[in-house]
Amino acid sequence: MKQHLAYISLLVQDYDEALRFYTEKLLFRLVEDTTLSEEKRWVLVAPPGSDGCCLLLAKAANEEQRKFVGNQSGGRVFLFLFTDDFQRDFDRMTTVGIRFVRAPKQEPYGTVAVFEDLYGNLWDLIEPRH
């Protein structure tokens, strides 16, 4: 048996502002942007150099969903972005205004810092130890 995660759905307030954040600030590449209806698009983004799981930017469709934009994990770190050069990415992200809520530190598994996306979801930026 072979399985893999293909997409992780991330609630957003607006497709275009989310797309700008992920492509311009995090340098993710646009994988797909297909209009499905007047209100719905299929928008996939992925980190540079990645050929695995993509984020599906899903616009909150009602008030119940809008309550969870920016808090899909109850305030815990939700997503984990691995890098091959922590300092390069930390410096670039800081320069473009990404807000880090926990300073870089060395952990047994690597160098890590916590940042917020445009809605407040928490991410780990990690350079794993090899």
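Remember, it's a predicted structure, so these values are computed and weren't measured experimentally.
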All heavy atoms of Q13 vs all of K59, minimum pair found to be O-CE, 3.5 Å
Should V96 and F86 be counted in the same cluster of Ile, Leu, Val, Met, Phe, Trp and Tyr side chains packed under 4.5 Å apart?
-> yes
According to a 4.5 Å side-chain heavy-atom criterion applied to Ile, Leu, Val, Met, Phe, Trp and Tyr, with indirect links allowed, do V45 and W42 form part of one hydrophobic cluster?
-> no
For Q72 and N121, which heavy atoms make the closest approach, and how far apart are they?
-> N-OD1, 3.5 Å
Minimum heavy-atom distance between L57 and Y15, given as atom pair plus value = O-CE2, 3.3 Å
Parallel, tilted or perpendicular: ring planes of F28 versus Y22, cut at 30 and 60 degrees = tilted
Least distance between heavy atoms, L11 atom then Q65 atom | CD1-O, 3.6 Å
Backbone N or O of S50 within a donor-acceptor pair of the R29 side chain at under 3.5 Å?
-> yes
Hey, could you give me the CZ/OG1 distance between F100 and T94, rounded to the nearest 0.5 Å?
-> 5.0 Å
With V114, which of D124, L125, I126 fulfils side-chain contact (heavy atoms from CB on, under 4.5 Å)?
-> D124
Per the side-chain contact (heavy atoms from CB on, under 4.5 Å) rule, which among D33, V12, V31, L10 passes with V43?
-> D33
Quick check: are there more than 12 heavy atoms from other residues, nucleotides or ligands sitting under 6.0 Å from CZ of R102?
-> no
R88 vs T83 side-chain heavy atoms within contact, under 4.5 Å = yes
Hey, are the side chains of L55 and L79 touching, using non-hydrogen atoms and a 4.5 Å cut-off?
-> yes
With hydrophobic residues grouped by side-chain heavy-atom distances under 4.5 Å, do L5 and F80 end up in a single group?
-> no
Hey, quick one: are L118 and L19 part of the same hydrophobic cluster, counting side-chain heavy atoms closer than 4.5 Å, chains of contacts allowed?
-> yes
Reported CZ-to-CD1 distance for the pair F90 and I98, which is rounded to 0.5 angstrom = 11.5 Å
For R129, look at atom CZ and say whether over 12 heavy atoms of other residues, nucleotides or ligands are found less than 6.0 Å away.
-> yes
4.5 Å side-chain heavy-atom contact, L122 and E116 | yes
Y119 and F21: ring pair (Phe, Tyr, Trp, His ring centres under 6.0 Å), yes or no, with the steps?
-> CA-CA 10 Å; Y119 299 116; F21 176 83; 8.1 Å; no
Quick one: closest heavy-atom pair of F78 and S9, and the distance?
-> CZ-O, 4.5 Å
Are R20 and E17 close enough, and set up right, to give a salt bridge (Lys or Arg N to Asp or Glu O under 4.0 Å), and what steps lead you there?
-> CA-CA 5 Å; R20 277 191 305 278; E17 76 177 355; 5.4 Å; no
Kindly give the heavy-atom pair with the smallest separation between I8 and C53, and that separation in Å.
-> CG1-SG, 3.7 Å
Starting at OG1 of T34, measure out to CZ of R41 and round the result to the nearest 0.5 Å.
-> 9.5 Å
Under 3.5 Å, side chain of R92 to main-chain N/O of K25, donor-acceptor pair present?
-> yes
